[in-house]
Asker: 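What follows is a single structure, and I will ask about it in a moment.
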Amino acid sequence: QALKRGRIIFAGVSGLAMGNQACCAKSNDEKDIMTIPPVNAMSFTITFLDETGTEIELKFAKKPLGFKYVSGKGPLKVSGILDEGCVKETGLPVKVGWAIKAVNGNILSAEPQKASEEFLEAIKGV
């Protein structure tokens, strides 16, 4: 099942990167290169549904995510924004009440307990 695209926002990683290297020029023939982890290996995308049903894809580059969620009779929903974590630190516009639809394009189960397990498993490696 394909996801319709809403807004895509990336936050949490900055800097000039070339593959897995960042470069800073020192002179015409000399440069410093430091290896950094590739962005894709460090990040994941969460697809939310806002109060109007619009899909919003947000890229998270680290944990903690910075929001709490609840599982009830319907989809997982954001229940609070924390003072620490990726949401506040990077300015991601996550709102209380948004539903969590998918992680990295994989739609979560309609059954709340299974959706919670799938969500936790999907973000475990970051």
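Both backbone and side-chain heavy atoms feed into the values below; hydrogens, waters and symmetry mates do not.
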Asker: With heavy-atom distances below 4.5 Å as the criterion, would you say the side chains of I100 and I46 are in contact?
Answerer: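 They are in side-chain contact.
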Asker: To the nearest 0.5 Å, what is the distance between NZ (K68) and CD1 (I81)?
Answerer: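 K68 NZ to I81 CD1: 9.5 Å, rounded to 0.5 Å.
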Asker: Enter the distance from E55:CD to K101:NZ here, rounded to the nearest 0.5 Å.
Answerer: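 NZ of K101 is found 3.5 Å from CD of E55.
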Asker: Indicate if V94 and V96 have the same hydrophobic cluster label, given that clusters are the connected sets of ILVMFWY residues with side-chain heavy-atom separations under 4.5 angstrom.
Answerer: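 As far as the 4.5 Å side-chain criterion goes, V96 and V94 are connected within one cluster.
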Asker: Looking only at heavy atoms, which two atoms of A61 and C86 are closest? And how far apart?
Answerer: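 Answer, listing the atom of A61 first, then C86: N-SG, 4.0 Å.
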Asker: At what distance, to the nearest 0.5 angstrom, does OG of S109 lie from CG of N106?
Answerer: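 The OG atom of S109 sits 12.5 Å away from the CG atom of N106.
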Asker: Of all residues at least two apart in sequence or in a different chain, which pass the side-chain hydrogen bond (donor to acceptor under 3.5 Å, both in side chains) check with S116?
Answerer: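 Partners of S116 by the side-chain hydrogen bond (donor to acceptor under 3.5 Å, both in side chains) criterion, ordered by chain and then number, come out as Y69.
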Asker: Is the shortest side-chain heavy-atom distance between T45 and L58 below 4.5 Å?
Answerer: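 No, too far: nothing below the 4.5 Å cut-off.
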Asker: The criterion is salt bridge (Lys or Arg N to Asp or Glu O under 4.0 Å); which residues satisfy it with K95, sequence neighbours excluded?
Answerer: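 Here no residue qualifies.
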Asker: Apply side-chain contact (heavy atoms from CB on, under 4.5 Å) to L65 and I123, showing your working.
Answerer: CA-CA 9 Å; L65 302 177; I123 65 171; 3.8 Å; yes
Asker: Q113: which residues meet the side chain to side chain contact (heavy atoms under 4.5 Å, CB included) condition with it, sequence neighbours left out?
Answerer: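 Residues passing side chain to side chain contact (heavy atoms under 4.5 Å, CB included) with Q113: E111, E117.
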Asker: Quick one: ring-ring contact (aromatic ring centres under 6.0 Å, His included) partners of F48, sequence neighbours excluded?
Answerer: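 Scan of F48 (ring-ring contact (aromatic ring centres under 6.0 Å, His included), adjacent residues dropped) gives F67, W98.
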Asker: Nearest heavy-atom pair of K63 and K124: which atoms, and what distance?
Answerer: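 So the two residues come closest at NZ-O, 3.4 Å.
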Asker: Kindly write out the residues that satisfy side chain to side chain contact (heavy atoms under 4.5 Å, CB included) with P75, not counting sequence neighbours, or none if the list is empty.
Answerer: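 Expected list: K77, A99.
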Asker: I need the minimum non-hydrogen distance between I107 and E118, along with the two atoms involved.
Answerer: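 Minimum heavy-atom contact is O-OE1, 4.3 Å.
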Asker: Which atom pair, heavy atoms only, marks the closest approach of L108 to F119?
Answerer: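 Between these two residues, the closest heavy atoms are CD2-N, 3.9 Å.
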Asker: For V103 and A122, work out which heavy atoms get closest and say how close.
Answerer: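 Looks like CG1-CB, 3.5 Å.
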Asker: Using the test salt bridge (Lys or Arg N to Asp or Glu O under 4.0 Å), find all partners of K88 that sit at least two apart in sequence or belong to another chain.
Answerer: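 Per chain and number, K88 pairs via salt bridge (Lys or Arg N to Asp or Glu O under 4.0 Å) with D83.
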Asker: Taking salt bridge (Lys or Arg N to Asp or Glu O under 4.0 Å) as the definition, give me every residue that meets it alongside E51, ordered by chain and number, with sequence neighbours left out.
Answerer: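 E51 satisfies salt bridge (Lys or Arg N to Asp or Glu O under 4.0 Å) with no residue once adjacent residues are dropped.
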